[in-house]
Amino acid sequence: YNEYKSYLSMRSVFLPLLLFVSVSSLSFKLSPEGTRCIKEEAHKDVLVVGEFTIENLQESHQVDIKVTDTRDQVLFSKDKSDKGKFAFTLDDYDMFSICFYAKRNTEFGGRGPPAQDLNVKLTVKRGIEAKSYNELAKAEKLKPMELELQKLEDLAQAIVSDFAYMKSREKLMRDTNESTNSRVLWFSVFSMGVLMGLALWQVFYLKRFFKAKKLIE
């Protein structure tokens with residue numbers, strides 16, 4: 001009983017932190033000969049798992065899917081697919097694009113009735129939500145309480161990692177801000193020096209000009 005009570009206490013502490021878990025699901029229309037890309041972001045070494053289904057797909061058309069990062073590195077690619085799953089990790093914090101390319105099937109040679117818009121359903125999970133804890137429990141023979149504790153441990157590690165990333169980003173932005181302020185300060189000093197030098201030059205130039213015209217002695 002004391003173990004169960006301790007587990008409930010820990011769960012009540014970590015439950016608000018579930019807000020950090022990232023799961024995105026969306027559904028959209030895709031033209032039978034169009035392209036649609038969805039952009040997401042992911043942290044370094046964080047597992048990203050996606051699942052998609054395409055409805056109203058006729059034999060006269062096909063849909064190809066490709067997942068790439070900002071360097072155009074292909075993370076996943078599949079042709080002529082109406083459903084599937086993909087998983088990958090990134091070497092660094094980056095954006096990735098999930099693109100669906102709909103087109104006519106070349107085997108039909110452009111024949112067939114006009115196609116309707118396709119319904120695409122996409123679900124993307126990151127971090128602990130992307131892990132299959134049921135398979136983990138079977139493989140390691142974990143009890144329900146042990147499995148929940150494992151989830152809490154993974155969640156805590158994910159949150160620590162997120163805070164460490166935000167701290168590093170804050171330090172980078174602070175250093176950038178300080179560097180920018182320093183450059184602005186020196187540029188202001190340089191500008192004032194140039195203006196003062198220009199003003200002194202104008203004074204001496206006008207003085208020589210008036211002397212040359214014998215307007216002043």
Side-chain angles (χ1 to χ4, degrees), residues 17-139 150-151 154-155 157-159 161-162 164-166 168-169 172-173 176:
L17 301 181
L18 292 175
L19 294 173
F20 287 84
V21 175
S22 179
V23 179
S24 58
S25 298
L26 67 156
S27 177
F28 56 88
K29 297 284 187 179
L30 177 65
S31 172
E33 296 185 36
T35 300
R36 181 73 179 271
C37 291
I38 307 298
K39 289 190 176 182
E40 299 278 353
E41 61 181 2
H43 293 288
K44 178 182 178 181
D45 297 330
V46 172
L47 178 63
V48 179
V49 174
E51 183 176 2
F52 64 92
T53 57
I54 303 173
E55 301 174 350
N56 298 337
L57 183 60
Q58 301 178 5
E59 294 183 353
S60 58
H61 288 74
Q62 69 181 59
V63 176
D64 304 336
I65 179 174
K66 182 184 291 186
V67 183
T68 58
D69 59 14
T70 55
R71 295 168 293 182
D72 291 332
Q73 179 181 356
V74 178
L75 306 173
F76 173 82
S77 179
K78 189 175 183 181
D79 297 338
K80 298 181 179 181
S81 178
D82 60 349
K83 61 181 178 179
K85 296 181 180 180
F86 57 86
F88 61 87
T89 58
L90 298 176
D91 297 332
D92 200 356
Y93 172 82
D94 200 359
M95 302 287 295
F96 62 91
S97 300
I98 307 172
C99 293
F100 296 88
Y101 304 93
K103 56 186 177 181
R104 282 192 175 272
N105 194 333
T106 55
E107 297 177 359
F108 284 79
R111 299 187 303 272
Q116 299 178 352
D117 287 344
L118 308 177
N119 294 324
V120 181
K121 296 181 180 179
L122 175 65
T123 301
V124 179
K125 299 179 181 180
R126 305 178 190 80
I128 63 172
E129 282 299 314
K131 296 181 65 174
S132 178
Y133 284 98
N134 292 332
E135 296 181 2
L136 178 65
K138 293 179 181 178
Q150 181 65 46
K151 291 181 181 180
D154 292 344
L155 177 61
Q157 291 177 353
I159 293 171
S161 177
D162 286 343
Y165 171 76
M166 288 188 288
S168 65
R169 292 288 296 178
L172 177 61
M173 288 187 289
T176 302

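Source: prediction; values computed, not measured.
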Does the side chain of Q62 come within less than 4.5 Å of R104's, by heavy atoms?
-> no

Measure across H61 and P32 and return the closest heavy-atom pair with its distance rounded to 0.1 Å.
-> CD2-O, 3.1 Å

What distance do R71 atom CZ and M95 atom CE have between them, rounded to the nearest 0.5 Å?
-> 14.0 Å

Can you check whether I98 reaches F86 side chain to side chain, under 4.5 Å on heavy atoms?
-> yes

Reference residue E55; test side chain to side chain contact (heavy atoms under 4.5 Å, CB included); the match among L118, L30, N119 = N119

For the pair S81 (side chain) and K83 (backbone), establish whether a donor and an acceptor sit closer than 3.5 Å, ignoring hydrogens and angles.
-> yes

Side chain to side chain, Y101 and V63, heavy atoms closer than 4.5 Å | no

Taking the six-membered ring for Trp, are F52 and F100 parallel (under 30°), tilted (30 to 60°) or perpendicular (over 60°)?
-> perpendicular

For the atom pair CG (D64) and NZ (K103), what is the distance rounded to the nearest 0.5 Å?
-> 4.5 Å

What pairs with E51 under salt bridge (charged side-chain N to carboxylate O under 4.0 Å, His left out), at least two apart in sequence or on another chain?
-> none

Looking at S97 and K39, what are the two nearest heavy atoms and their distance?
-> OG-CG, 3.5 Å

Please name the pair of heavy atoms, one in L47 and one in T89, separated by the smallest distance, quoted to 0.1 Å.
-> CA-CG2, 3.8 Å

Go through the side-chain N and O atoms of N56 and Q58 and say whether any donor and acceptor fall under 3.5 Å apart.
-> no

Is any side-chain heavy atom of Y93 closer than 4.5 Å to a side-chain heavy atom of K44?
-> no

Just by distance, do the side chain of R36 and the backbone of V120 share a donor-acceptor pair under 3.5 Å?
-> no

Here the pair of heavy atoms bringing A102 nearest to S31 is CB-O, 3.3 Å

Would you indicate whether the side-chain heavy atoms of E40 and R126 approach each other to under 4.5 Å?
-> yes

For the atom pair OG1 (T123) and CG (L26), what is the distance rounded to the nearest 0.5 Å?
-> 7.5 Å

Could you tell me the separation between the CG atom of D82 and the CD1 atom of I65, rounded to the nearest 0.5 Å?
-> 11.5 Å

Roughly how far, to the nearest 0.5 Å, is the CZ atom of F96 from the OG1 atom of T68?
-> 10.5 Å

Answer whether the closest heavy-atom distance between the side chains of N105 and K80 falls below 4.5 Å.
-> yes

So, do V67 and F88 sit near enough that their side-chain heavy atoms are less than 4.5 Å apart?
-> yes

What distance do L75 atom CG and L90 atom CG have between them, rounded to the nearest 0.5 Å?
-> 6.0 Å

Would you indicate whether the side-chain heavy atoms of V48 and V124 approach each other to under 4.5 Å?
-> yes

Please determine, by modelled atom types, if D94 and T70 share a side-chain donor-acceptor pair under 3.5 angstrom.
-> yes

